[in-house]
Amino acid sequence: MLDHRLIRDDVALLRDAMTRREKLDVYGPLIDEAVSLDRERRQSITRVEERKAERNRVTQEVGKRKKAGEDATELQAQARAIGDEIANLEAQLTVTQERLDELLLGIPNLPLADVPAGDESHNVVLRTWGTPRAAESVAPHWDVGERLGLFDLPRGAKVSGSGFIVYRGAGARLVRNLMTLMLDLHTTEFGYEELWVPVVVNRATMTGTGQLPKFAEDMYALEEEGLFLIPTAEVPITNLYRDEILGADELPKAMCAYSPCFRREAGSAGKDTRGLLRVHEFDKVELVRYCAPEDGEAQLELLLSHAEAVLQRLGLPYRVVLLAAGDTGFASAKTYDLEVFAPGVGKWLEVSSCSLFTEFQGRRANIRFRPAPGEKPRFVHTLNASGLAFPRIIAAILEHYQQPDGSVLLPEALQRIHGKDRLG
RNA sequence: GGACAGGUGGCCGAGUGGUUGAAGGCACCGGUCUCGAAAACCGGCAUACCGGCAACGGUAUCGUGAGUUCGAAUCUCACCCUGUCCGCCA
C-alpha cells in the first residue's frame with residue numbers, strides 16, 4: 001500500500017510511476033478518484049470529530065450534574081441529538097473510507113528510479129553465468145522423466161488434475177535432496193533462520209503481502225473457513241511480524257523456508273503446459289529479508305547473490321534479468337529474475353524472482369521497527385527471493401546434465417546428498 | 001466438538017458505568033549523585049488519524065465487531081484467540 005500522503009502531496013510522482021509501468025490508463029482514473037475521496041474523507045473526519053468533541057463536553061457536564069444531584073434531562077436530550085448526527089456522519093465517512101482503502105490497496109508499488117520504463121520488451125539481461133548447452137540432441141525433461149520413472153504425470157492428473165505432479169523413486173528423492181541442499185546452504189552459509197510455516201493462511205495475511213484484494217482469483221481458497229492456500233512461502237514468512245514493532249538491532253532479519261506453493265494459473269491455459277514448466281502445485285525454498293529503508297538496495301543485491309549461489313552450486317547456466325517497470329510485480333519496486341537455461345525445451349526458465357518491496361508490504365502488514373530508543377517507529381522494508389523453485393530446476397537438471405547413454409549426471413553438490421552420481 | 005477460565009500499554013499488573021489513555025511495578029531515555037559504575041532520588045516515556053508553519057488542540061484505540069446508555073475498559077450479544085479438563089484423531 002502506498003502512503004496516503006502521496007495522494008495528497010505528490011500525485012505527479014504516482015502518475016509518473018504508473019506511466020513507467022505502462023498502466024496509467026488503468027490507474028490514472030483510480031488515482032484521480034482517490035485524490036478526491038481523500039479530500040472528502042478529511043473534511044468528513046473534521047466534521048465528525050467536532051461533533052464528538054461537543055458530545056464529550058455535554059456528556060461530562062451530565063456526569064457532573066448527576067453527581068451534584070441536579071437535573072440533566074435537557075442536556076441528555078441534547079447529547080442524544082448530537083449522537084444521532086454523529087451516526088449519520090459516520091455512516092457517510094465509512095463509505096468514503098472503504099472505497100478509498102479499496103483504491104489504495106489496489107494501486108501497485110512505485111518502481112525505483114533505475115528500473116527501466118516500459119513493458120517486458122524493456123527487460124535487461126545484466127549478465128550470464130556458465131555456458132548454455134547446445135540444444136541439439138537433448139531430449140525435453142518430460143521424456144527423460146518418463147523414461148527414468150522420475151515422475152508420473154498421468155497419475156498426478158488422475159488423483160488431482162492436470163498440473164499436479166507425482167514424483168516417484170529417484171525423482172521423489174531428488175525433490176527431498178533439493179530441499180536439503182538449498183536450506184542447508186542458506187542457513188549455514190548465509191545466515192538465514194530456518195522456518196517451517198503453514199501453507200494455509202487467513203485473509204489479513206494475504207492482504208499484508210499484496211495478494212488480496214486484487215489477485216483473489218489466482219489463489220485456491222477454502223471458502224468455509226475464509227482461508228487460502230499460499231502461492232509462495234513469502235506470504236506466511238513476511239507476515240510473521242505483522243502488527244509488531246521490532247528493535248533496530250533485529251535488522252536486517254533473514255528467514256527462509258521450504259513450502260509447497262499453490263497457484264490456480266487462471267488465464268494461462270495452454271502456456272508452457274507440458275512437463276514441469278507450469279503447474280498448480282510446486283515446491284520452493286523461499287528467502288525473506290526485512291531491513292531498514294536505507295539498506296534496501298544493498299540488501300537486494302545480497303539477496304540476489306544468495307539465490308544465484310544455488311544455481312552456481314548446481315552448475316546450471318543462468319542469466320540475471322532486471323525487469324522493466326511494466327513487468328515488475330504489483331508489490332515490488334525492483335525485481336531481478338534468474339533464468340536457467342533448459343536446452344531440451346530451448347528456453348530460459350524463470351526459477352527465481354528477487355524483489356525489493358520498499359515499504360509497500362511493511363505498510364500493508366504494519367511491520368515496523370524503532371530506529372533508536374525513544375524514536376518513532378518506521379515501516380520496515382521487505383525483500384524476498386525464490387531460492388529456488390524446484391520443478392524448473394529439475395527440468396534444467398534433466399536437460400543440461402543429460403548423458404549420451406540416456407542417464408542424467410547429478411551436479412556434484414547433489415551427488416553427496418543423493419548418494420549416487422546419476423539418475424538412471 | 002463439549003465444559004469451564006481468561007484476553008488491559010514493550011512486559012507484568014490494578015481497575016465492574018462518569019476528568020481512566022488508563023493506578024502501581026519492570027524495562028527504556030534524560031538528569032542529580034559518583035573518579036567511574038551500581039544503588040538511590042528527580043523527570044520523561046503508547047499508537048494512529050484530523051486541524052495547525054509551529055507551539056498545540058481535537059478524535060479514536062483496554063482481543064474483534066455489533067448493541068444498551070446522555071456517557072462503556074467496565075453491562076449485553078456474536079465471533080476470534082489463549083489456557084485447563086473431557087471427547088475424537090495423524
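Only a predicted model underlies this, so the values are computations on that prediction, with no experimental measurement involved. Letters A, B, ... are given to chains in the order of the sequence lines, protein chains preceding strands, and every chain is numbered from 1.
- Taking atom C1' in both B:U8 and B:A72, one finds a spacing of 14 Å when rounded to whole Å.
- Looking at heavy-atom distances under 4.0 Å, A:K376 makes contact with sugar-phosphate atoms alone, never a base.
- The aromatic rings of A:H280 and A:Y220 lie perpendicular to each other, with more than 60° between the two planes, well past the 30° mark.
- Residue A:R55 has no polar side-chain atom (N or O) positioned under 4.0 Å from OP1 or OP2 of B:G18.
- Distances from the side chain of A:K66 to the nucleotides B:G51, B:C49, B:C70 place B:C70 closest.
- At a threshold of 4.0 angstrom between heavy atoms, the contacts of A:I45 are confined to the sugar-phosphate backbone, with no base atom among them.
- With rounding to whole Å, A:Q97 atom CD is found 16 Å from B:A48 atom P.
- Between the C1' atoms of B:A23 and B:G63, the separation comes to 22 Å (whole Å).
- B:C75 is paired with B:G67 under the Watson-Crick or G-U wobble criterion, all donor-acceptor distances under 3.5 Å.
- With hydrogens and angles left out, the side-chain atoms of A:Q60 and A:N56 include no donor and acceptor closer than 3.5 Å.
- The phosphate of B:U59 has OP1 or OP2 within less than 4.0 Å of a side-chain N or O from A:N56.
- Taking only side-chain nitrogens and oxygens, A:R39 never comes nearer than 4.0 Å to OP1 or OP2 of B:C50.
- One can place CD1 of A:I86 at 12 Å from C1' of B:G71, the figure rounded to the nearest angstrom.
- Atom CD1 of residue A:I367 and atom CD of residue A:E244 lie 9.0 Å apart, to the nearest 0.5 angstrom.
- To the nearest whole angstrom, the two C1' atoms, one in B:A46 and one in B:G10, are 9 Å apart.
- Atom name P, nucleotides B:U59 and B:U19: the rounded distance is 14 Å, in whole Å.
- Across all strands shown, B:U47 is found opposite B:A60 as a Watson-Crick or G-U wobble partner, with both distances under 3.5 Å.
- A distance of 6.5 Å separates CD1 of A:I31 from CG of A:L24, quoted to the nearest 0.5 Å.
- If you check B:C33 for Watson-Crick or wobble pairing at under 3.5 angstrom, you find it has no partner at all.
- B:U59 atom C1' lies 17 Å from atom CD of A:Q43, rounded to whole Å.
- Closest approach to the A:Q76 side chain among B:C50, B:C70, B:U59 is made by B:C70 (side chain taken as heavy atoms from C-beta onward).
- The partner of B:A54 cannot be assigned: no Watson-Crick or G-U wobble pair with both contacts below 3.5 Å exists in any strand.
- To the nearest whole angstrom, the two P atoms, one in B:U74 and one in B:A37, are 47 Å apart.
- RNA chain B is contacted by both A:D38 and A:A79; A:D38 maps to the nucleotide lying nearer its 5′ end (nearest heavy atom per residue).
- For the P atoms, the distance from B:G83 to B:A90 is 22 Å, rounded to whole Å.
- Rounded to an integer number of Å, the gap from CD of A:E54 to P of B:G57 is 19 Å.
- Between the side chains of A:N202 and A:T205, at least one donor N or O lies within less than 3.5 Å of an accepting N or O.
- Pairing for B:C11 goes to B:G25, judged as Watson-Crick or G-U wobble with the two contacts each under 3.5 Å.
- The existence of a salt bridge linking A:D32 and A:R15 is confirmed by a sub-4.0 Å separation between a basic side-chain nitrogen and an acidic carboxylate oxygen.
- Across the strands present, B:A3 finds its partner in B:U84; the criterion is a Watson-Crick or G-U wobble pair with both atom distances under 3.5 angstrom.
- For the residue pair A:E194/A:Y258, the side-chain donor-acceptor check at 3.5 Å is not satisfied.
- As rounded to whole Å, 11 Å separates atom P of B:C81 from atom CD of A:E225.
- Using N1 to N3 plus N6-O4 or O6-N4 for Watson-Crick, or N1-O2 and O6-N3 for G-U wobble, each under 3.5 Å, B:C89 pairs with nothing.
- At B:G10, none of the side-chain N or O atoms of A:R370 fall inside 4.0 Å of OP1 or OP2 (strictly under the cut-off).
- As judged by a 4.0 angstrom heavy-atom cut-off over every strand, A:R5 is placed among residues making no nucleic acid contact.
- Rounded to whole angstrom, the span from the CG atom of A:N366 across to the P atom of B:A48 amounts to 9 Å.
- A:R51 places its CZ atom 18 Å from the C1' atom of B:A60, with the value rounded to the nearest Å.
- When heavy atoms are screened at a 4.0 angstrom cut-off, A:R363 is found touching no nucleic acid atom at all.
- Between A:P377 and A:V62, the residue anchored closer to the 5' end of RNA chain B is A:P377, taking for each the nucleotide with the nearest heavy atom.
- Taking atom C1' in both B:C75 and B:G57, the straight-line distance is 33 Å, to the nearest Å.
- A distance of about 15 Å separates the C1' atoms of B:C45 and B:G25, rounded to the whole Å.
- Residues A:L212 and A:L105 fail the side-chain proximity criterion, which asks for heavy atoms closer than 4.5 Å.
- Neither OP1 nor OP2 of B:C49 sits under 4.0 Å from any side-chain N or O of A:R42.
- Residue A:E49 places a side-chain atom within donor-acceptor reach of the base of B:G58, judged by atom type and a 3.5 Å distance cut-off alone.
- Ranking B:A60, B:G51, B:G71 by closeness to the A:R8 side chain, first place goes to B:G51.
- In this structure, A:I82 atom CD1 and B:G71 atom C1' are separated by 12 Å, rounded to whole Å.
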